[in-house]
Student: 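Once you've had a glance at the structure underneath, I'll fire off some questions.
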Number of protein chains: 2
Amino acid sequence: MDAHKKQTGESEAPAVCKACEARHGGICAALSASQLVELNKHSTRRKVEAGNEVIGQGESVGSYSNILNGVVKLSKMMADGRQQIVGLQFAPDFLGRPFLSESSVTAEAATETEICCFPRPIVERMVGEARELERKLHSQSLKELDEARDWMLTLGRKTAQEKVASFLYLIATHIDPEKSGGNSTTFDLPLSRADIADFLGLTIETVSRQMTKLRKENIIVIENNRHVIVPDKRRLRYAAGND
Amino acid sequence: MDAHKKQTGESEAPAVCKACEARHGGICAALSASQLVELNKHSTRRKVEAGNEVIGQGESVGSYSNILNGVVKLSKMMADGRQQIVGLQFAPDFLGRPFLSESSVTAEAATETEICCFPRPIVERMVGEARELERKLHSQSLKELDEARDWMLTLGRKTAQEKVASFLYLIATHIDPEKSGGNSTTFDLPLSRADIADFLGLTIETVSRQMTKLRKENIIVIENNRHVIVPDKRRLRYAAGND
DNA sequence: CGAAGGGTTGAAGTCAGTCAAATAATGTGG
DNA sequence: CCACATTATTTGACTGACTTCAACCCTTCG
């Protein structure tokens with residue numbers, strides 16, 4: 001059957017892609033099978049350990065990539081070292097901006113992360129050819145913009161308590177491996193207290209205090225510092241000030 | 001000459017557009033002369049007084065528009081009334097998101113503003129036809145995303161003093177009617193103290209106090225509460241923590 | 001003139017930051 | 001597997017930046 005398709009000029013999606021975590025929903029979903037084959041020829045899977053940079057702020061970008069699993073944090077730093085995480089990216093998000101060689105943020109793996117890397121020229125050619133791909137990139141940008149603006153409200157107007165609850169709620173609704181059947185969830189925090197603090201515009205100590213406060217109010221249960229159980233997502237959402 | 005062009009099927013840009021403030025740099029720059037004529041047939045100029053809504057949060061959008069002059073603020077509000085301005089838009093920015101009927105923010109004129117309105121269906125058809133237009137919209141989204149993330153750093157990590165300086169610097173570099181020859185500038189604040197507070201995640205009082213502090217440090221001169229003189233933009237930039 | 005809205009200023013209170021120390025988790029070499 | 005070093009997190013006491021509450025000023029407008 002594969003042979004037949006090849007004879008007629010049609011191509012099947014590469015086997016790696018078929019099994020790919022990011023095949024659907026990601027940028028690749030906007031490509032035809034033959035484009036996928038083309039892209040796949042030059043793409044390489046890469047494991048990035050927690051804490052390693054994917055793209056440096058103001059660095060020239062050599063390649064683009066899709067997140068296959070794990071969490072990538074986007075951050076900005078001031079001259080004096082103050083830092084702010086400006087976004088979190090999950091599978092199957094696309095990293096990088098075709099045609100813009102400079103990145104305005106630093107992208108760093110928050111957890112152990114797997115990415116699928118594409119060389120710059122290939123991606124840029126494909127963006128030119130496949131309109132669907134451009135649309136997909138545009139819509140991801142819009143999604144990121146909405147998230148950024150939501151977070152501005154959190155940073156500017158919420159209390160420390162609400163900020164921490166907002167963060168936990170964000171993770172609960174993004175990591176969520178469908179195990180969330182009903183109103184309860186469970187997950188491992190992808191970020192250290194220091195990262196959470198940088199995301200929320202707080203200090204480590206305040207994050208810690210608010211976590212224990214949420215724990216004492218039975219809104220969350222914490223095991224091993226990283227594992228969190230949310231018995232009732234609505235309560236968490238409420239604590240986050242989301243209604 | 002116009003007649004000749006019409007005979008050959010070519011068309012000239014409409015007169016209104018030729019004189020338009022947003023003709024260059026704006027979305028219209030991505031359109032051919034004939035598309036411009038087409039769009040112009042259905043577009044209407046509208047004046048919006050300061051304080052009036054252009055698009056409501058969660059409201060269905062009846063039309064899109066270009067800002068011709070003035071400043072539009074994008075804001076979000078929490079259930080209990082706390083508010084955060086998540087973006088400022090200047091001419092020749094485009095307002096609205098083709099194909100998305102719901103807006104996640106409220107757009108309100110901060111100053112008296114003139115906009116050029118286009119009916120939804122026309123814009124959406126054109127986006128489908130003109131790839132250049134789609135690109136332009138995408139690149140405006142990316143610009144807004146960068147601005148949003150810059151502001152996240154301001155909201156999360158800067159002091160009240162730096163926030164106010166950042167705001168003034170932002171305005172100085174955006175209003176800037178080329179009169180800024182060298183290092184000094186002058187402008188009228190497009191936002192009230194209340195709006196500035198909502199933009200910076202502060203209270204009116206804190207904004208006021210920081211303004212007088214900057215005044216006493218001779219970084220700015222204030223006349224009539226709204227008119228600001230910046231003798232040295234570099235000093236303001238420094239006060240904003242931008243290096 | 002008096003009312004109303006926007007802006008400034010002052011005094012007191014509070015939330016989150018800072019500094020410091022204790023405790024828990026993680027890793028390393030023996 | 002243990003003793004130790006190292007790092008991450010929690011907890012406490014104190015400080016300080018920003019908020020809150022309140023009064024006041026100034027301009028505008030009926």
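So you know, we letter chains A, B, ... as the sequences are listed, proteins then strands, and number each from 1.
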Student: Hey, can you pull the residues of residues 204-221 of chain A with a non-hydrogen atom under 4.0 angstrom from DNA chain C?
Tutor: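 DNA chain C contact set from residues 204-221 of chain A: A:E205, A:T206, A:R209.
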Student: Given side chains that start at C-beta, do those of B:N66 and B:I27 come closer than 4.5 Å, heavy atoms only?
Tutor: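 Answer yes - side chains close enough.
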Student: Carefully, step by step, assess B:V86 and B:V105 under the rule side-chain contact (heavy atoms from CB on, under 4.5 Å).
Tutor: CA-CA 8 Å; B:V86 296; B:V105 298; 3.9 Å; yes
Student: Starting from P on D:dA8, measure out to CG on A:L191 and report it in whole angstrom.
Tutor: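 The answer, rounded to whole Å, is 13 Å.
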Student: In terms of side-chain geometry, is the basic nitrogen of A:E114 or A:R45 positioned less than 4.0 Å from the acidic oxygen of its partner?
Tutor: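 Answer for the salt bridge query: yes.
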Student: Let's see if you get this right: which residues in residues 152-165 of chain A place a heavy atom under 4.0 Å from DNA chain C?
Tutor: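 The answer is A:T159, A:A160.
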Student: How are the rings of A:F167 and A:F199 set to each other: parallel, tilted or perpendicular (split at 30° and 60°)?
Tutor: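 Correct class here is perpendicular.
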Student: Using 4.0 Å as the upper bound for N to carboxylate O, is an ion pair formed by A:R97 and A:E102?
Tutor: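 Result for this pair is no, no salt bridge flagged.
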Student: How far does CG of B:N183 sit from CZ of B:R237, to the nearest 0.5 angstrom?
Tutor: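 Interatomic distance, B:N183 CG to B:R237 CZ, rounded to 0.5 Å: 11.0 Å.
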Student: Looking at B:T203, does any N or O in its side chain come under 4.0 Å of the phosphate oxygens OP1/OP2 on D:dT19?
Tutor: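 Affirmative; the distance criterion is met.
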Student: Rounded to the nearest 0.5 Å, what separation is found between the OG atom of B:S63 and the CZ atom of B:F118?
Tutor: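 Nearest 0.5 Å value for the OG-CZ distance: 9.5 Å.
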Student: Is the shortest distance from a Lys or Arg side-chain nitrogen in A:K73 or A:D198 to a carboxylate oxygen in the other one below 4.0 Å?
Tutor: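 Salt bridge absent between A:K73 and A:D198.
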Student: Indicate whether any N or O donor in one side chain lies under 3.5 Å from an N or O acceptor in the other, for A:K47 and A:T113.
Tutor: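 Result is no, nothing qualifies.
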Student: Is B:E162 salt-bridged to A:R82, going by a charged N under 4.0 Å from an acidic O?
Tutor: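 Salt bridge: yes.
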Student: Find the distance A:L202:CG to D:dT9:P and express it as a whole number of Å.
Tutor: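 Checked: the CG to P distance equals 15 Å.
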Student: Between which nucleotides of DNA chain C, read 5' to 3', does contact with chain B run, using atoms under 4.0 Å from its heavy atoms?
Tutor: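 Counting from the 5' end, contacts occupy C:dG7 to C:dA11.
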